[in-house]
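Within every chain, numbering begins at 1; the chains are lettered A, B, ... in the order of the sequence lines, protein sequences first and strands thereafter.
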2 protein chains.
Amino acid sequence: MKTKRVSIKDIAQKVGVSNATVSLVLNGKEEEGRIRKEVAAKVLQAAKELNYEPNNFARGLRMGRSNTIGLILADISNSFFAHIAFYIQEYADEYGYSVIITNTNESGDKMGKMINVLKSHQVDGFIIVPTEDGEEDIRELIDQKTPVVLLDRYFPHLPVSHIVVNNYHASFEATNLLLDSECQNIALLIYNNKLAHMTDREKGYREALVKRNYYKPELVKKITYNTIEEDISTAIKSLLLEQPKVDGIFFATNTISAIGIKELLKQHVRIPEDIKVVCFDKNEAFDFMPFQIPYVQQPIQEMSRKSVDILMEQIKQSSAIPTTMEMFASMSNKS
Amino acid sequence: MKTKRVSIKDIAQKVGVSNATVSLVLNGKEEEGRIRKEVAAKVLQAAKELNYEPNNFARGLRMGRSNTIGLILADISNSFFAHIAFYIQEYADEYGYSVIITNTNESGDKMGKMINVLKSHQVDGFIIVPTEDGEEDIRELIDQKTPVVLLDRYFPHLPVSHIVVNNYHASFEATNLLLDSECQNIALLIYNNKLAHMTDREKGYREALVKRNYYKPELVKKITYNTIEEDISTAIKSLLLEQPKVDGIFFATNTISAIGIKELLKQHVRIPEDIKVVCFDKNEAFDFMPFQIPYVQQPIQEMSRKSVDILMEQIKQSSAIPTTMEMFASMSNKS
DNA sequence: AAGTATAAATAAAACGTTTAAGCAACTTTT
DNA sequence: AAAAGTTGCTTAAACGTTTTATTTATACTT
């Protein structure tokens, strides 16, 4: 059996004061509670001796706050999100907040479920990387006045704080990079996903090409998350048959990049001699290729920090109006 | 302001019964509480209508349990651990438990801190990937009879449940793989780390070589976690000067592998023609190399499952004796 | 000397659950 | 018909905090 916990009452008894006094001291409210220094010292001393640890249940019950935020990620085993988790935890800690991390695996059902799990833990707010069909769940949260910040993705018609990179702009730039290196037949591999961050990426690609009159709809290949391997393999093979020959490919996510490049190598395509490649987000694997792969670099750290900052703002004054923050990505090859 | 939460009392009022009745029904204790079906139905109905969500603080306070476990990882951005996090969450969920994930970044200080954070959240138990200097912290947990399971690493003299792969055996096998492909001068790059899982790996390597009389202490290079890049670069360069020429390298972790191979490529070493390589743990990057890299494959999924199972056992009956589970890794090239 | 301000501490309620114990009102057993 | 058991529900305490309102003691004004 766990040894019985020591409570405020035990300290009070030992020092010979009331519960209230102990609580006041322990919370550093000696000033407003006007506790004598000597008493405060004795209380702290006793607390140390008894090895007191506050009971968060009681505190949470009483205060209605948990000092915990819920972080809902789409795929924790994707290094992009893993890093986000890392930083968010770091920054939340600075505010004295802990983070409960959960994972949806891009499933909307699971997102709803995770929201409930976290709600039942009385988190004070959410940072969410929402799934495609998660709009309704988010709307519910907003209706309940729950502080929530969306990260990486957003719903254009939902009045909710979100931190995203300007995906349109980043993709525009990335595509231009290919154009600037003489590519004329540039393909896009992108998720078949209605979320704005994805459609923005496609738009950036398209407009860059349209501007130079190089846009060819048949070079846009849509990938389904659940059949990603086959879809990419099929797409690449089909692209290799195109005439005129495809000379550039823009991969719209790091997972697509990884699998796509693997497939290109398998088909003995030389990068960048035969086909030049640009990716969205870094992939560890890039370091190991005998060629350099330019990629869109999202400011993960700043995005994480901002999302924590904004959430804290919302928690503090839950009437806060939604804050939208759009950041700019940079290309890895110029920095 | 958040709309006021609906509590059991509200349901009781609406249906016209007592708190106790509602609680009993909500917890599925209608049988032992002997509540009539019709009343139970009305309560459930009302709960749904009012959109009732239980207050975990109150429940936790009363019950002394949180139905939450704390997961402390050494490095969440390492894909090995990220996957562990993923699976553990999955399995804990099956038990009706949530998981709070935290990260130590291999720092012992931080591990102590994280334990406290999680304790203050009243987690019912811990799954920990301990840091090198974390033995004392773990011992404290044991002394307090806190259910805890170590994962991936362990302290041989600590009576605590742990799930690990047989690192000795795996390394022995891995080294043999190089020996079997005619290597005679096989180097090892490994962390300068006293944790048993590391020393076991070294031992496996050593004994495989000693057995064939190929062991050369100067081919073992120790890497410090905090200066990993320089150390590996130095080590590789030094190894390339050895006579007779090094013809095989065993990298003892996936991070070391990644950086090590990068350095080899930088030095224009051809793999596997000049030097054959074997790694501990998979690295995503391996998929992209024009050559195949054999690696030790830990049964991540089973390890995760077992650690959850065992922790649950410990939580249920806190008198449970520590369970040690040693699993066997396989080589990636035969499966 | 009486009144008033200030300092230092306390009492007690409240947060929302769970659950042991209790109490009617029946039903069965003796 | 009294005793014993069963059924169905309620009462009330307890979990450990925080915090408002209150009390007591002391110091300062007039």
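Distances from the side chain of B/Ala20 to the nucleotides C/dT17, D/dA12, D/dT18 place D/dA12 closest. For B/Arg36, counting side-chain heavy atoms from C-beta on, the closest listed nucleotide (D/dC9, D/dT18, C/dT17) is D/dC9. Considering only the side chain of A/Ile8, D/dT17 comes nearest among D/dT17, D/dT19, C/dT18. Considering only side-chain atoms of B/Ser18, the nucleotide from D/dT10, D/dC15, C/dT17 that sits closest is D/dT10. When the nucleotides C/dC15, D/dC9, D/dT17 are ranked by their closest atom to the side chain of B/Val39, D/dC9 comes out on top. Closest to the side chain of A/Asn55, from the set D/dC9, D/dG16, C/dT18, is D/dG16. The side chain of B/Val17 sits closest to D/dT10 out of D/dT17, D/dT10, C/dT18.
What separates NZ of B/Lys29 from P of D/dT10 is a distance of 18 Å, to the nearest Å. What separates CZ of B/Arg62 from P of D/dT17 is a distance of 16 Å, to the nearest Å. The nearest whole Å value for the distance from the CZ atom in B/Arg59 to the P atom in C/dT18 is 5 Å. D/dC15 atom P lies 15 Å from atom CZ of A/Phe57, rounded to whole Å. Between the NZ atom of A/Lys9 and the C1' atom of C/dA11 there is a distance of 13 Å, given to the nearest Å. When the C1' atom of C/dA20 is taken as reference, atom CZ of B/Arg34 falls 12 Å away, rounded to whole Å. For A/Met63 and C/dG16, the CE to C1' distance is 16 Å, given to the nearest whole Å. Atoms CG (A/Asn19) and C1' (C/dA9) sit 13 Å apart, rounded to a whole Å.
A/Gln89 places a side-chain N or O within 3.5 Å of a backbone atom of B/Ile101 that can act as its donor or acceptor partner.
Residue contacts for B/Asn27: at a heavy-atom cut-off of 4.0 Å it reaches the sugar-phosphate backbone alone, with no base atom in range.
Residue B/Val22 forms a side chain to side chain contact (heavy atoms under 4.5 Å, CB included) with just one option from B/Asn19, B/Leu26, B/Leu24, B/Val25, and that option is B/Leu26.
Taking a 6.0 Å sphere around NZ of B/Lys306, one finds it holds 12 or fewer heavy atoms contributed by other residues, nucleotides or ligands. Counting non-hydrogen atoms of other residues, nucleotides and ligands closer than 6.0 Å to NZ of B/Lys113 gives a total of 12 or fewer.
Along DNA chain C, the nucleotide closest to A/Thr21 and the one closest to B/Ala58 are compared, and the more 5′ of them pairs with A/Thr21.
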Please report the C-alpha distance between B/Tyr52 and B/Asp10 in whole Å, then the side-chain angles of each, then the deciding distance to 0.1 Å, and finally whether the side chain to side chain donor-acceptor pair (under 3.5 Å) criterion is met.
CA-CA 9 Å; B/Tyr52 170 74; B/Asp10 300 315; over 6 Å; no
